[in-house]
Amino acid sequence: MTTRHVVVVGAGPAGLAAAEAALAAGARVTLIDSADRPGGQYHRMLPEAYGAARPERLQHGWWAFDRRRRRVLTHPRCAWWPETSVWALERPDPTEPGVPRVHVVRGPADGGRRSRLRLDPDALVLAVGAHDRVLPFPGWELPGVFTAGAAQALAKGERVVVGDRVVVAGTGPFLLPVAASLLQAGSRVLEVLEANTAGTLARGWARRPWQLAAYGGKAGELAEYTALLLRHRVPCRVGRAVVEARGDGRVEEVVTARLRADWSVVPGTERTAPVDAVCVSHGFSPQLELPVAAGCTLRSAPGGEFVAVDDDQRTSCPNVYAAGEITGIAGAPAARAEGALAGWLAAGGVPDALALRPLRRSRDQGRAFAERLAGAHPIGAAWPEWLRPETVVCRCEEADYASLCRAAGNAASRGARVAKLETRAGLGPCQGRICGPTVAELSARLTGRPAERPAEGIPAAGPHHRPIAQPIRLGELAAAPEPLPGNTESHPSM
Amino acid sequence: MSPRRVRAESDAVGRQELPLRITVDGEPVDGIAGQTIAGVLLASGRLAWRRGRSGAPRGVFCGIGVCFDCLVTVGGERDVRACRRRAHDGDVVTTQNRQPEAGRATDPTERKHLGLPGEEDR
């Protein structure tokens with residue numbers, strides 16, 4: 001029997017665990033990440049050139065991560081491909097599901113002379129993660145308004161703080177580590193605002209408390225952040241949000257307001273505060289273009305759409321597995337458990353191995369945690385009340401709320417595709433990654449219909465359908481793919 | 001105040017600084033090895049360097065390569081995500097402008113929309 005080749009996309013907590021388990025099961029692994037160091041967003045590492053003597057100061061669970069990444073990256077059966085972007089997944093036959101061919105470019109981000117390669121693995125593990133979801137509000141396009149993830153990446157990844165008078169706002173426990181990172185980097189955090197009310201939080205978190213005990217590690221981590229905020233006397237307020245950012249060419253002040261449970265503003269509670277930066281996150285959007293390209297079925301959950309997986313982390317596509325935040329927002333411990341299961345099974349490991357039991361248990365606890373998280377930190381239905389006609393909704397094309405309303409009111413442009421061409425929302429460089437879920441939600445509300453009913457023979461417009469998953473330059477595309485080092489015989493050339 | 005880099009002397013992670021210099025629209029800007037171009041720009045006090053279709057200023061928003069707000073030209077290569085590209089000593093960075101009236105409709109999407117041949121596409 002030949003060794004199975006497993007390609008793992010994403011080297012965050014889920015991907016690293018997947019690679020480790022696949023290696024343990026005897027497979028040959030190619031681990032791919034767009035960054036030059038492993039860790040993903042959760043374990044984002046400092047650059048090698050920083051020569052950090054005490055990197056553990058910035059990281060939860062650094063030592064376990066450090067051991068794992070060394071084990072995986074130095075393993076003789078593991079090929080570690082950093083700075084590698086999967087720009088397309090090509091299904092062998094669109095009507096017949098199978099493991100897609102993996103098209104990658106390797107080299108500095110968006111560089112024009114990257115090498116193009118193709119992989120034809122026996123199994124694929126997708127662990128590509130998520131990014132912040134940010135709802136629009138007046139002024140959110142001003143420089144100085146960052147996603148919470150950006151502030152975190154800059155502070156953890158290169159020791160740059162975004163400002164010295166910062167408000168951190170939105171919803172979810174992620175706001176706490178972001179505020180903590182800013183404080184540790186010497187920045188002043190004016191306040192941390194959780195948009196959901198105490199009632200919503202209590203109902204979400206207090207339900208079935210015995211389940212939470214199983215997730216003690218995460219609770220401990222959050223308690224540490226809370227203690228740090230207390231030490232720095234940073235007020236944490238619930239039921240309050242940033243509803244506007246103002247400034248001339250950059251953010252200079254924010255307007256915050258008290259919210260009801262549905263996120264409508266309580267009139268008269270607005271306050272302005274001078275700031276030099278705002279960090280916002282209203283949850284996470286899973287990066288679904290690769291799962292969609294592979295042909296994986298999605299499922300709808302309270303927090304949005306995710307990749308549907310079974311108890312073995314299998315997607316609807318044979319030999320394609322998914323792990324981590326793309327299956328549900330459950331945090332790093334769940335991602336690790338999912339990754340380990342996916343990697344082991346993708347490598348052909350026996351599904352009833354004893355060692356899988358604690359992993360399955362941990363994964364199930366993670367799923368329960370995800371459900372609880374989504375319940376405690378929902379996006380309130382009345383948030384569009386923050387919008388004004390001139391508020392930018394699509395950042396790339398600067399399509400405003402008024403243009404979306406006009407398109408929705410015009411019967412001819414109600415279809416998602418027509419509305420897109422008319423408003424240009426979603427047509428810019430980010431390809432709807434930032435505004436996609438928002439535009440879909442607003443359009444559905446404005447037209448009173450959930451989704452487009454396309455003409456016969458045309459598939460429904462999917463917000464995650466991006467056949468070119470990452471930018472590739474025409475010169476790179478035109479160049480012939482390079483042969484793979486060592487294993488050319490198993491990879492027929494074009 | 002503006003974004004800044006934590007001072008190495010007081011940084012709990014105990015790190016070194018290997019200086020590098022890039023130019024931005026011809027102006028020299030100092031950073032350290034390992035920083036992204038976005039990090040160098042931010043730490044030099046620049047909060048915005050790109051202009052949107054209306055001419056509105058843009059800089060970093062998502063910081064992890066998703067939003068494409070921070071695009072710059074590096075050594076003649078357009079549309080490089082500054083938050084994902086590590087800076088190298090001597091990098092020649094030029095800023096980008098999507099305003100059609102700026103007479104520089106060089107954005108691929110825009111060029112396509114205006115019926116111009118794409119110089120680089122995605």
Side-chain angles (χ1 to χ4, degrees), chain A residues 34-36 41 46-55 57-58 108-112 131-132 141-147 149-155 157-165 184-186 249-250 276-277 287 395-398 427-430 433-434 468 471-475, chain B residues 1-8 10-18 32-36 38-40 42-43 47-49 52-54 56-69 71 74 76-81 83-86 88 98 107-109 113 118-122:
Chain A
S34 57
D36 55 4
Q41 301 308 329
L46 287 164
E48 209 148 18
Y50 275 33
R54 296 178 292 277
R57 296 288 181 96
L58 298 181
D110 301 329
H131 57 81
D132 291 271
E141 74 282 13
L142 285 171
V145 179
F146 298 88
T147 68
Q152 179 79 330
L154 286 161
E158 49 183 303
R159 307 307 282 144
V160 168
V161 287
V162 292
D164 277 308
R165 290 181 58 84
Q184 284 166 335
R250 62 164 294 167
D276 58 9
Q287 314 217 78
R395 299 173 61 89
C396 294
E397 297 303 294
E398 299 178 66
L427 284 180
C430 96
R433 285 178 172 87
I434 301 291
I468 307 280
I472 177 167
R473 292 180 193 274
L474 282 180
Chain B
M1 283 293 283
S2 304
R4 60 182 164 77
R5 201 170 60 236
V6 179
R7 289 159 50 94
S10 57
D11 197 336
V13 299
R15 59 181 174 85
Q16 60 184 18
E17 297 204 334
L18 307 171
I32 60 169
Q35 277 189 293
T36 60
V40 172
L42 286 169
L47 203 54
W49 47 83
R53 290 165 66 88
S54 68
R58 294 294 175 86
V60 168
F61 178 61
C62 81
I64 58 170
V66 178
C67 78
F68 294 73
D69 255 10
L71 296 181
V74 183
E77 254 171 29
R78 286 190 52 82
D79 300 339
V80 173
R81 283 168 281 182
C83 69
R84 290 204 30 208
R85 174 69 74 88
R86 298 264 186 231
H88 288 97
R98 281 191 79 195
D107 181 90
T109 317
H113 202 62
E119 39 179 4
E120 282 150 354
D121 225 322
R122 46 171 63 95

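Being a predicted model, the structure only gives us computed values, none of them experimental.
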Quiz item: Which atoms form the tightest heavy-atom contact between A:I434 and B:F61, and what is the distance?
Solution: CG2-CE2, 4.3 Å
Quiz item: Do you know which of B:G59, B:C67, B:A38 has the most heavy-atom pairs under 4.5 Å to chain A?
Solution: B:C67
Practice problem: Against chain A, label B:T36 side chain, backbone, both or neither, depending on which of its atoms sit under 4.5 Å from a heavy atom there. | Solution: both
Self-check item: Side chain, backbone, both or neither of A:L46 within contact of chain B (heavy atoms, under 4.5 Å)
Solution: side chain
Self-check item: Distance-minimising heavy-atom pair for A:A49 and B:A33
Solution: CB-O, 3.5 Å
Quiz item: Should B:R58 and A:E141 count as an ion pair when the cut-off is N to O under 4.0 Å?
Solution: no
Quiz item: Taking every heavy-atom pair that is under 4.5 Å apart, which of A:G249, A:G475, A:S34, A:G149 has the most such pairs with chain B?
Solution: A:S34
Quiz item: Between B:R7, B:R5, B:R81, which has the largest tally of heavy atom pairs under 4.5 Å with chain A?
Solution: B:R81
Exercise. Against chain B, work out which of A:A35, A:G157, A:A153, A:G144 has the most heavy-atom pairs shorter than 4.5 Å and name it.
Key: A:G144
Quiz item: Looking at B:L18, B:D69, B:V74, which one has more heavy-atom pairs under 4.5 Å with chain A than the rest?
Solution: B:D69
Quiz item: Is a salt bridge present between A:E158 and B:R15, judged by a nitrogen-to-oxygen distance below 4.0 Å?
Solution: no
Exercise. Can you establish whether the number of heavy atoms outside B:Q16 located under 6.0 Å from its atom CD is more than 12?
Key: yes
Quiz item: Closest approach of B:A12 and A:R54, non-hydrogen atoms and distance?
Solution: O-NE, 2.9 Å
Exercise. Could you check B:E77, B:R85, B:H88 and say which one makes a side chain to side chain contact (heavy atoms under 4.5 Å, CB included) with A:P108?
Key: B:R85
Quiz item: Could you give the distance from CD1 (B:I64) to CD (A:Q41), rounded to the nearest 0.5 Å?
Solution: 4.0 Å
Quiz item: Pick from A:D36, A:L142, A:L154, A:D132: which one has the most heavy-atom pairs with chain B under 4.5 Å?
Solution: A:D36
Quiz item: Just how far is it from atom CZ of A:R433 to atom SG of B:C62, taken to the nearest 0.5 Å?
Solution: 10.0 Å
Self-check item: From B:R98 atom CZ to A:E397 atom CD, the distance as rounded to the nearest 0.5 Å
Solution: 4.5 Å
Quiz item: Does the pair B:R4/A:D164 count as a salt bridge with the N-to-O cut at 4.0 Å?
Solution: yes
Quiz prompt | Closest approach of B:A43 to A:V160 (non-hydrogen atoms, all atoms of both residues) | solution = CB-CG2, 4.3 Å
Quiz item: Which atoms form the tightest heavy-atom contact between B:G34 and A:P47, and what is the distance?
Solution: O-CG, 3.2 Å
Quiz prompt | Which portion of A:Q184 sits near chain B, non-hydrogen atoms under 4.5 angstrom | solution = neither
Practice problem: Apply side-chain contact (heavy atoms from CB on, under 4.5 Å) to A:A155 and list each qualifying residue two or more places apart in sequence or on a separate chain. | Solution: A:S181
Quiz prompt | Donor-acceptor pair, side chain of A:R57 and main chain of B:V13, under 3.5 angstrom | solution = no
Quiz item: Quick one: what part of B:E17 sits under 4.5 Å from any heavy atom of chain A, side chain, backbone, both or neither?
Solution: neither
Quiz item: If you look at every heavy atom in A:F146 and B:L47, which pair is closest and at what distance?
Solution: CZ-CD1, 4.0 Å
Practice problem: Identify, with sequence neighbours excluded, every residue that meets salt bridge (Lys or Arg N to Asp or Glu O under 4.0 Å) alongside B:R84. | Solution: none
